[in-house]
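Residues take their numbers from the sequence shown, with the count starting at 1.
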Amino acid sequence: MAERNPQSGFAIRKTLFVWFAMAIILVVASMLYIGSTGRPRFIDRNLLPIEKALSVYEIATSHFKNTTQFQSNNCNPEDAILKLYMYDLPPEFHFGLLDWKPEGDSVWPNLHRKIPNYPGGLNLQHSIEYWLTLDLLSSTDPTRPNPCTAVRVTDPNQADLIFVPFFSSVSYNRYSKVIPPEKISLNKKLQQNLVKYLTSREEYKRSNGRDHVILAHHPNSMLDARSVLFPCVFILSDFGRYNPNVANLEKDIIAPYRHLAKTNINDSAGFDGRPTFLYFRGAIYRKEGGNIRQELYYLLRNEKDVEFGFGSIQANGINKASQGMHGSKFCLNIAGDTPSSNRLFDAIVSHCVPVIISDDIELPFEDFLDYSEFCIFVRAADAIKEGYLMGLLKGVGKERWTAMWERLKEVDRYFEYRYPSVRDDAVQMIWKALARKVPAIRLKVNRLRRYQRFGRGLKESADDGNFPIISGF
């Protein structure tokens, strides 16, 4: 047998080592190149409409930082807890209201190319229609890293609910004025056309709209159509301007405002790190149920460590409010023109313990969240008593306040709107809230159909008063 040459073995091992080292260098270099020049297919657009897009580096690294929030597996429709059929309404009802122009015959934007921007400022607080529609449009994309909560289906017979993608809040905010020579506003015209479209659809007729989801987050949105489409499920900010026969907790969903204050990330400013005891900045003189703001202003304006003043979005007002809330122990949320406002959600993401003085307020996801763990509720009649409010809050010791502060840091994720959406954010929480409504909706729809299969019409089978009849618009 030939004798083994130790030098040749060493040379082979040396060569292999060199090739292996070169391969590692190439892999690392390619990863750095991709990280510096590559473009992810989905961009984290948490603050998309009003802030600059994240840098490519921030986008890339954000996916690694939040790996616990993303699902690595693609979404299987069978795994989703909510299946929605979405009408392909013309762009004039949705992204066209944001000045988006369709390409070819498509009624939807190509989300891989460009995502239409939503108007900033106060418009943003009622932007749920935008976030939910984006999430649903991307739900069938195999590359989407989002949770598998709600998925869009192409067959309405397979759907739990029917999603109506009308951007009603944008329609009200931007197009509610009559522009001559027109006799009615574009907002009203769109509502008329929507009613005609829906009531002509077989999907609507088979349930009288009971399984249709309408987005009407702005208190004045859908003002003309709501009395006709009231059998539908509304997603609202509150019930302040609704007749209880039109909207109520039994059939509808309360969704959070999109907060305007900046989220207090890595918040370490505990009880002793917040010098302001009680904070409120906003409109003080309000109509309807908001007179209490004025009364509280005169009661509290001279109290020590209390900041209670006028404020608006003008003159950098949002940033000033963010700074004020981040430095305060308690933040007032007082009824205004309506029972709710985005101020509550600004306080939550600022980790400033909300003090809610609004007797008629309804809160998002309250069947899931116990707000008393991180909010203080005060009846309006008690709040305006001399010394009552300050005495109550001063009785909340450091230990109790700290427990509420810690809980705020745990729940703030439920009130964040993002695209792409992540687990337990506001988009996913709304889908889950809708999913919890499905059994009751299905019961009503099935009862409605008892006699339809045997020749009796919808009108005849709705004689118990629980299933109102659509008679036109």
Side-chain angles (χ1 to χ4, degrees), residues 45-50 82 84-100 102 107-109 111 115-139 146 149-150 152 161-176 186-188 190-191 193-195 197-198 209 212-226 229 232-238 241-242 247 252-260 340 342 345 364 415-421 425-431 433-434:
R45 297 195 170 224
N46 185 20
L47 298 175
L48 173 73
I50 59 172
L82 185 66
L84 296 120
Y85 176 80
M86 181 163 65
Y87 288 125
D88 286 320
L89 290 175
E92 66 193 67
F93 288 97
H94 42 84
F95 289 101
L97 294 170
L98 305 179
D99 301 322
W100 171 78
V107 300
W108 300 112
L111 302 184
I115 301 171
N117 286 338
Y118 196 90
L122 290 177
N123 293 285
L124 194 61
Q125 61 185 336
H126 297 296
S127 57
I128 67 162
E129 53 210 21
Y130 175 77
W131 306 105
L132 291 176
T133 304
L134 284 177
D135 190 67
L136 206 53
L137 283 173
S138 65
S139 64
N146 297 15
T149 303
R152 183 185 181 188
L161 298 171
I162 310 294
F163 187 84
V164 182
F166 175 40
F167 288 8
S168 62
S169 295
V170 175
S171 181
Y172 173 78
N173 278 328
R174 303 184 92 182
Y175 303 104
S176 57
L186 177 60
N187 176 49
K188 186 167 185 175
L190 286 173
Q191 291 180 65
N193 291 340
L194 181 68
V195 169
Y197 176 88
L198 292 178
H212 281 51
V213 179
I214 301 284
L215 308 169
H217 201 259
H218 192 289
N220 291 331
S221 61
M222 296 295 289
L223 197 60
D224 299 289
R226 63 178 62 166
L229 299 178
C232 302
V233 180
F234 291 142
I235 301 183
L236 308 171
S237 57
D238 59 46
R241 294 180 182 172
Y242 282 80
D252 301 314
I253 298 292
I254 297 297
Y257 289 66
R258 195 324 191 142
H259 63 84
L260 301 182
S340 66
N342 75 308
F345 308 101
F415 305 100
E416 296 283 3
Y417 288 96
R418 296 183 179 92
Y419 181 76
S421 176
D425 71 1
V427 172
Q428 302 305 314
M429 292 295 288
I430 291 171
W431 293 140
L434 280 171

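- Looking at Tyr257, its side chain never comes within 3.5 Å of a backbone N or O of His217 through a donor-acceptor pair.
- With hydrogens and angles disregarded, no donor-acceptor distance shorter than 3.5 Å links the side chain of Tyr118 to the backbone of Trp131.
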Check: residues 165-172 side-chain donor-acceptor pairs under 3.5 Å, at least two apart:
| residue | atom | partner | partner atom | Å |
| --- | --- | --- | --- | --- |
| Ser168 | OG | Leu215 | O | 2.4 |
| Ser169 | OG | His218 | N | 3.0 |
| Ser171 | OG | Asn187 | OD1 | 2.7 |
| Tyr172 | OH | Asn220 | ND2 | 3.1 |

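- The side-chain heavy atoms of Leu229 and Met222, taken from C-beta on, include a pair separated by under 4.5 Å.
- Counting only heavy atoms from C-beta outward, the side chains of Pro364 and Met429 never approach each other to under 4.5 Å.
- Heavy-atom minimum distance, Tyr130 versus Asn117: OH-CA, 4.2 Å.
- Here the straight-line distance linking atom CG of Asp252 with atom CD1 of Ile214 works out to 10.5 Å at 0.5 Å rounding.
- A perpendicular orientation is assigned to the rings of Phe95 and Trp108, their planes being inclined by more than 60° (bins at 30° and 60°).
- Taking both residues in full, the closest heavy atoms of Leu260 and Gly121 are given as CD2-O, 3.7 Å, listed atom of the first, atom of the second, then distance.
- Side-chain contact check for Val107 versus Pro90: every heavy-atom pair is 4.5 Å or farther apart.
- In this structure, the side chains of Glu92 and Leu186 stay at 4.5 Å or more apart for every pair of heavy atoms.
- Contact of the Val427 side chain with the Tyr419 side chain is not registered, since no non-hydrogen atoms from C-beta on lie closer than 4.5 Å.
- To the nearest 0.5 Å, atom NE2 of residue His259 and atom OH of residue Tyr417 are 10.0 Å apart.
- Residues Val195 and Ala225 approach most closely at CG2-CB, 3.8 Å, considering heavy atoms.
- Summarising the geometry, atom CG belonging to Leu82 is positioned 9.0 Å from atom OG1 belonging to Thr149; distances are rounded to the nearest 0.5 Å.
- Cation-pi geometry between Arg226 and Phe234 is not satisfied (NZ or CZ under 6.0 Å from the ring centre, within 45° of the ring normal).
- When side chains are defined from C-beta on, Leu132 counts as touching Ile235, because their heavy atoms get closer than 4.5 Å.
- Of the possible donor and acceptor atoms, none in the side chain of Asn173 sits under 3.5 Å from a partner among the backbone N and O of Asn123.
- Note that OH of Tyr87 and NE2 of His212 are 2.5 Å apart. Values are rounded to the nearest 0.5 Å.
- Between Glu129 and Leu97, the closest side-chain pair of non-hydrogen atoms is not below 4.5 Å.
- Residues that satisfy the side-chain hydrogen bond (donor to acceptor under 3.5 Å, both in side chains) test with Tyr197, not counting sequence neighbours, are Arg201.
- The nearest pair of heavy atoms linking Asp88 to Arg152 is OD1-NH2, 2.8 Å.
- For Ser421 (side chain) and Arg418 (main-chain N/O), no donor-acceptor pair under 3.5 Å exists by modelled atom type.
- With rounding to the nearest 0.5 angstrom, the CG atom of Asp135 is 7.5 Å from the CG atom of Asp425.
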